[in-house]
Structures are given as structure tokens and as C-alpha cells.
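Since the structure comes first, as C-alpha cells, the remarks are kept for the end.
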Amino acid sequence: MLPFLVATRPIEVALLVLAILIILLLGWTIVRLKRNRIHSYHTASAWMLDLLESMPEMVIIFDSSERIMEIVNSKGSRLHYGYPIETYVGMTLDELTEIEDQFKDVAVVIRQNLQATLTNRQTCDFDLEVTKDGRKYYKHSRTAPFGKTDAIYYSQDITSRVEAEKEISRLKTFLQTIVDNLPVGVMVKNTSDDFRYYFHNKKLLELFPERTIQLGLNDFEANDPDAEKLRKEDLLVLNSDQPLTFERFFYNSETGAPSHWADATKSHFSDNEGNCFIITTVVDTTEIRKKQLELESTRRHLSQALDVGNLGAGTYDVASRQFKSFYKQLVAKEGMLFDELIETVHPQDRALYAGVFNRLISGLTDKERERVRFRIDGFYVWYEIFVMSLKDEDG
């Protein structure tokens, strides 16, 4: 039959054979492609699994019914409370909380985000606080769509980072409390950021109630009327190797009279990143300044009284044997030595004059009063002297 067909219909037979070969070739190709695809799928799955296992996060795959399908990279995870991983596979979150009572609060948060992912196919990021054996651990978590209906959950242990941040925050609060309670005002400008204010403590605001110091702004941006003067001071400080002190005056807005004073001491420093800062410490000198004004007023009234009586006043330093004039250098000139002054005393009065000082210095008396002649412009003139002994804090 076959030879007859070949002889009578050679073309049809050749086409039939060719068709059969093509079908066989296609079948073999399809099988080969399918095998390659399956191999590629297994290779990709294994590669993805290796990738997930090498990641720092713990990965849990949930199906659409919120049941755990797989847990990857769970070695050392603190969420497992010591149970074997197989214990959790196949469980829902509700079933998990039945064996892990401490997991209840965490499960509520995970479920809320997991349901949002399964329902709306959206990615959710959130943080968890987990308690184990009385210690708190912290996780950064994420739920994301996985496949068409499932969801994947990532959990990364951030306990070390959170604890470090809390310790830094605690130290910052501690240092801020110390700085805020210092008896001086403190402020810092970042010169690398156009001299903008970087920090100040509460005491500074007490010292400068009339000024508004805004962090993140410099004096010009804050419309400070003294901006130009303050900038000149800052530039002087940057070019100085030593701290510089500037006096501050504040006036009563109603009377125009000075209300309080302060000394601002500025110095500069740089951090490890090359940023340059100017730190200013401000000391309230109001009480000192008021006492100085009172002393100046007293001296002024005393000078008026001395002028009326044609009197002079000064001191004698026993250690240096020098005179210092307070007002009106009548006899003893500024810085004059005792041996120089006694040469101007009448020879007959020198022993008397020296005796006054010797008795006071030795402590025999605490005040003396005598009449002595001094040579003034070539003539001896009578002067009445009143001398009393005083001791400073050093004796």
C-alpha cells in the first residue's frame, strides 16, 4: 500500500511526512521550553529565597485568609519567643495570639495593616514595640502585595537604633536642662550658614526680653536694629584667637534711662564637619553696674565736698611704699614713693611725719592727725593730715 501511494501520490506522501516531522519537532520544542521554564522558575524561586534569607528582615508570607504560608529568615528573630518555626506555619494571627499572649497588642497592629494590603493591595509601613522577658524590642515593619491575592510581611529589628536614639535624646534633654539652668545666657550662631542662630537657652531670653532671637534666622533676616553692629562683632571674633567681650546696654522704653547691662563674651569653634560656630555667653552685670554708678555718684559728691574745703584724698600702699591719689594731688603725687615724699617735708617735721605712719603700720593706733609743713614751689606750707589704717581682704 505504502509503495503504491508513494508511486501514485509522491507529493502528498512527502507533504504528510514533512507535516509529521514538523509536529514532532514542535512537540519536542514545546516540551523543552516547558522544562526550561520550570527550571528557570525553580532557579528564580531559589534565588529569591536566598535573597530573602540574606536580608536583615524577617519575612512572612500570608495567604488571602491571613494564614501564614511561609516564614523566611527567621533565625534569631525575637518575635518567635523560642518556639520552632513550624509551629507558626499555617496559623492565623488569631491562632497565634492563643499561644502567645504577649503577642496580642502586636497582632492587632499587624492585622490592621495586613487587611489593608489584602483588601486594597496597598503597601503599609509601621513600627512595632514587642515585649519579651520584660524587655522591649522594636521592629520596623511593612506589608506589601505578594502575587495576585497574597501578602508579604517584612520585619526588621531596629532595637539598637531606637535605644541609641533614646539615649541620645536623653542626653540632649539632660544637657539642655543643664544649659537652661546656667546663670548665664548662651547662644550659638552657625557662621557657615550665613550667621544664622543655631541654639539659645532660656536664660538668654530673660536677659534680652526686648529682643526676638529666632532660630534659623540671622540678625538681618530678623530685622534686628543692631544687626550691622553685631555682624562687625562676629567678624572681629572670627579673626581673633582669644574670646572678645562686648558690653550690652538696655534702656527703658518709656523713660529712655538705662534699665540693665550685660557683658557678651564671644568665641568661635569648628566641628568635625568643618562648620564654624560663634558661641556667646551673656552675663548680667546690672547689679555691678548699678554699684559702679553709685560709687561714681559718691565720688562726685565727695569731690565737690573736697573742692569746698580745698582738700585732697589718697592712699598709701605699705607693701609697695607708693601713694595713690583719689582726688586733687595736693602733696603726694600719683605713684610717688614714701622716701620721695618725706624729702618734701620740713626737716623739723620729718620725724613727726614718719612717726604717724610707723604707729599706724605697727598697729599701735588706727588713726592719726597732725600738722606738717610740705615744700610747695620752693616754699613750706602748713597742711593738716588725717591718716587711718585700712586692710583689704588679703590683709
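With salt bridges taken as basic N to acidic carboxylate O contacts below 4.0 Å, none links E384 and R371. By the 4.0 Å N-to-carboxylate-O rule, R375 lies too far from E343 to be salt-bridged with it. A salt bridge does not link D284 with K203: every distance from a Lys NZ or Arg NE/NH1/NH2 to an Asp or Glu carboxylate oxygen is 4.0 Å or more. Taking a cutoff of 4.0 Å between a charged side-chain nitrogen and a carboxylate oxygen, R248 and E233 qualify as a salt bridge. With respect to R231 and D219, no salt bridge is recorded, no charged nitrogen being found less than 4.0 Å from a carboxylate O.
For the residue pair T159 / D157, a side-chain donor-acceptor distance below 3.5 Å is found, with atom types taken as modelled. In summary, the side chains of Y154 and S141 do not present any donor paired with an acceptor at a separation below 3.5 Å, with no hydrogens or angles considered. Between the side chains of N190 and Y197, not a single donor N or O lies within less than 3.5 Å of an accepting N or O. Between the side chains of S64 and T149, no donor-acceptor pair of N or O atoms lies under 3.5 Å. For the residue pair R373/Q348, the side-chain donor-acceptor check at 3.5 Å is satisfied. Side-chain N/O atoms of S160 and E163 include no donor and acceptor closer than 3.5 Å.
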I would like to know whether Y380 and F374 meet ring-ring contact (aromatic ring centres under 6.0 Å, His included); could you show each step before the answer?
CA-CA 5 Å; Y380 285 102; F374 291 92; 9.2 Å; no

(request) Could you please spell out the steps behind the side-chain hydrogen bond (donor to acceptor under 3.5 Å, both in side chains) verdict for D94 and T92? (result) CA-CA 5 Å; D94 289 333; T92 64; 5.0 Å; no

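The two residues P243 and T265 have their closest heavy-atom pair at CB-CG2, 3.9 Å.
By the 30° and 60° cut-offs, the orientation of the rings of Y153 relative to F62 is perpendicular. Relative orientation of the F277 and F269 rings is parallel, given thresholds of 30° and 60° on the angle between their planes.
V356 and Y383 fall within a single hydrophobic cluster, where Ile, Leu, Val, Met, Phe, Trp and Tyr are joined by side-chain heavy atoms under 4.5 Å apart, directly or via other members.
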